[in-house]
Amino acid sequence: MNKSYCFLPVSLLSLLVVFPVVAADNEDKNVVNSNIPNLSEIELPATNARLLTQQPAANEVKPEPRLELDLTPTNDADISIETIGEKDVLPESTPTYVIEKEEIQKQGATSVADILKRMPGFAINDVGHGADIHTGTYYRGASINQSVFLINGRPINSNISTYHGGTDLNSIPIEAIERVELYSGTAASLYGSSAFGGVVNIITKEGYGKPKLNASAEFGSLNLNNQQVTYGGATNKVKYNFSFERFFVDNRYRVPVGAANRDSQGYLSNADTATSTYFGSVGIDLDPKNSVNLDVTALSSRRGLIYFGFPLQKDRLDHDGLNIGLSWKTRLGKGENSNLTTTLGYNRDYFSTYGPTGATFYRTGVLDTQQFKARIDHEWKITPNNQLRWGLDLKNTDLMGDVLSTNPALIPKNEKEDRSVFNTALFAVNTWKISDALQADLGVRQNFDSQFGSYFNPSVGLRYAVNPAVAFRGSWAGAQRNPGLDQLYVFDTVHNWNPNPDLKPETGSTWTAGIDVRLSENLLGQFTYFGNSLDNRLGIINGKWENIGLVDTNGLEAALQFKIAREWSTFLNYTYTDAQIKTGTEKGLQLGLIPYSLLQTGIGYQKHGWQANLYATYNSGSRRSVFSRNIPGERSTDFAPSFFNLDFSGRIPVNKNLGLTFYLENILGEQYERVNRIYSPGFTFRIGLTSSL
């Protein structure tokens, strides 16, 4: 839908006048372990529980917490949570799930996908032993390219959609991550109209206090080895943090007959993964009102690919990535009344896939993407009851595609493409505190795209606190995701998929309705109904990218957090997702690779450096998106069997600065089918040492 460019400033200014926003300053709060978070704080959900959280060392100096907006009734303001670094100022009409660095360490996460898999709403198949990049990451039924992924508020998605160009969740060293935040609802207005599946913001560590060196080394089953080193600290007005991580696993284990990429000896073949990731950040406080920060992440990844439906696929995937961000934060008003953040970013992803086709031919495909980004983000407390957050996004994406095949039938498809797209967006989110109990959020995002013209995406949210223990909330947001430049112009030489320059954007909306409730002094719960309707969904028909039709998704999330005692805590997350195809040849079927039911729960104990943590996962099984015609009776409607999995992790203190860690994964030893005839190896283990100097 094309609109006149001159309409935008008038419409946005009108919006800001009519819908002011809310804000009120929180006082700094000190936390004790027995405290329970306020239900209306943005960190309420179960994933932010104290489960497995390591206590800071006695000589560790924490940074001062940032003053945050308090949108809660005043009679419930005596309950506090700990804040680390700066947290995003977001509306409360939808939940914000947070996992802090301590919980990440206890889970033994080796990638961002490892972290996200324990968050409500996520079904992640491309994580763990034998996982393949084809098998997908989904949030509330939306694929990874229908979500927005950020690092320190900057997008890292390149909107490259084919199998070897998707967002790589190995691109940031785990040791460099401070926390991971998950947003939805009106947050989509702030970060992108394509956020059908929400927004994931990865916040990296900043140095503080005395310079400190942390290191770990880990070894385990299937020749796994993982080394991490971090050095960070602060001197005067300068903060710095540097991290390195190296990871390798060969993933060679026995798999049953019919499994993907099963070689003649009965082993999974071509599933090895090796990555090296680097991170560095430097922050300088120029004066009491101005600070600058530079952060750089780099990735080198080499792996084999497996894909059910191909005879022993031998393709390799090389991925080299670079992400650079420079931000300038300025306090314009007194206190936290007016803050301006200006960000410049550069992102490059180089994907190269290559391999033999049979015994005679060879193929290669390269997708080289570069993005330049700029963002101005202003948080403005207009009155004690009104808060405005608004700004400007600029992004230029350039894709160079190079495909080559020696197969005579495909030689006419050999090509080089160089395509660019420029996107500008103005955004605003207003929050109005109507009363102590009721607040309303209204967001707008006006996009101008050089490929698909201008389009407008609104959002709205409400939250009503019935009393200090119960609050109702709801949200609605319009969304549009444009086809990737590869889908439009670049031939996929591995799958022989043809591009389609006539593709239409995926359009639709998302909504939530939920309740936050304190069931008892130590038990918190969040219950959310979610849904989305996505038209013109992109897919493959007869070997070509097409708009295949309408998909409606409805589901339920439940997140519970229970503090049993000072040393004990537990959580439970359950997600039901019904993602039904409404048109086309697969009408009435569940989207492939998305389970109907996914349950995750855990219980943890910690005291004096000792830790023990038990995690359980139930997966109801997902529909196979690819099936083998070589297996009698197998159909496209078949589901992989359900499975139940237990993981156990722990830490044994050797001395004040040294600990022994261990992770026992799939301790029941069941070799379950993850998706598409890709199987887990059964029981595996990891053991390592962590040190802090």
Side-chain angles (χ1 to χ4, degrees), residues 31-39 41-56 79-82 84 95-109 114-124 179-182 469-470 514-528 556-576 597-620 643-652 661-668:
V31 70
V32 293
N33 287 340
S34 59
N35 282 352
I36 303 298
N38 189 309
L39 284 170
E41 293 282 352
I42 63 173
E43 291 188 299
L44 169 68
T47 46
N48 195 43
R50 292 285 174 186
L51 174 64
L52 321 182
T53 301
Q54 181 181 5
Q55 300 301 319
I79 298 174
S80 62
I81 60 172
E82 180 182 14
I84 301 176
T96 298
Y97 299 106
V98 180
I99 291 186
E100 300 281 1
K101 60 183 178 182
E102 293 87 358
E103 175 65 11
I104 294 171
Q105 184 262 321
K106 298 307 174 295
Q107 292 178 0
D114 256 335
I115 300 171
L116 295 177
K117 74 180 183 181
R118 298 197 194 277
M119 282 187 162
F122 268 99
I124 300 183
R179 67 185 177 275
V180 177
E181 303 171 345
L182 173 61
V470 178
I515 181 173
D516 302 335
V517 56
R518 178 186 296 147
L519 299 169
S520 69
E521 182 180 357
N522 295 325
L523 179 59
L524 303 175
Q526 282 189 299
F527 305 91
T528 303
L556 176 68
E557 287 175 4
L560 299 174
Q561 169 187 320
F562 184 43
K563 185 70 177 178
I564 304 172
R566 186 178 182 86
E567 293 85 13
W568 292 86
S569 57
T570 186
F571 76 94
L572 184 147
N573 297 326
Y574 172 76
T575 305
Y576 174 82
S597 290
L598 186 63
L599 183 144
Q600 301 152 324
T601 185
I603 183 169
Y605 172 84
Q606 65 168 33
K607 189 174 183 179
H608 303 312
W610 293 81
Q611 297 160 5
N613 320 287
L614 181 66
Y615 295 99
T617 300
Y618 168 76
N619 187 308
S620 66
F643 61 86
F644 178 78
N645 184 47
L646 286 176
D647 299 326
F648 183 77
S649 68
R651 181 181 187 272
I652 301 172
T661 60
F662 59 90
Y663 305 95
L664 309 178
E665 300 168 296
N666 196 356
I667 59 179
L668 298 179

So how far is it from [X] [atom1] to [Y] [atom2], rounded to the nearest 0.5 Å?
| X | Y | atom1 | atom2 | result |
| --- | --- | --- | --- | --- |
| Leu524 | Glu521 | CG | CD | 10.5 Å |
| Gln561 | Leu572 | CD | CG | 12.0 Å |
| Phe527 | Glu557 | CZ | CD | 12.0 Å |
| Phe571 | Leu560 | CZ | CG | 11.0 Å |
| Ser620 | Tyr576 | OG | OH | 9.0 Å |
| Leu664 | Leu646 | CG | CG | 11.0 Å |

So which heavy atom on [X] is nearest to which on [Y], and how close?
| X | Y | value |
| --- | --- | --- |
| Asn666 | Asp647 | N-OD1, 2.8 Å |
| Glu181 | Val98 | CG-CG2, 4.2 Å |
| Arg118 | Asn573 | O-ND2, 3.1 Å |
| Gly121 | Thr575 | N-OG1, 2.8 Å |
| Gly108 | Tyr663 | CA-CE2, 3.3 Å |
| Tyr574 | Ser597 | OH-OG, 2.8 Å |

Trace of the side-chain contact (heavy atoms from CB on, under 4.5 Å) decision for Val180 with Met119: CA-CA 10 Å; Val180 177; Met119 282 187 162; 4.2 Å; yes
Full working for side-chain contact (heavy atoms from CB on, under 4.5 Å) between Tyr605 and Glu567: CA-CA 5 Å; Tyr605 172 84; Glu567 293 85 13; 3.5 Å; yes
Residues Leu519, Phe562; criterion side-chain contact (heavy atoms from CB on, under 4.5 Å); working and verdict: CA-CA 10 Å; Leu519 299 169; Phe562 184 43; over 6 Å; no
Option passing side-chain hydrogen bond (donor to acceptor under 3.5 Å, both in side chains) with Glu103 (candidates Gln107, Lys106, Lys101): Gln107
From CA spacing to verdict: side-chain contact (heavy atoms from CB on, under 4.5 Å), Leu598, Tyr618: CA-CA 6 Å; Leu598 186 63; Tyr618 168 76; over 6 Å; no
Heavy-atom check, side chain of Ile652 versus side chain of Phe662, under 4.5 Å: yes
Check: Ile603 and Trp568 side chains under 4.5 Å, non-hydrogen atoms: yes
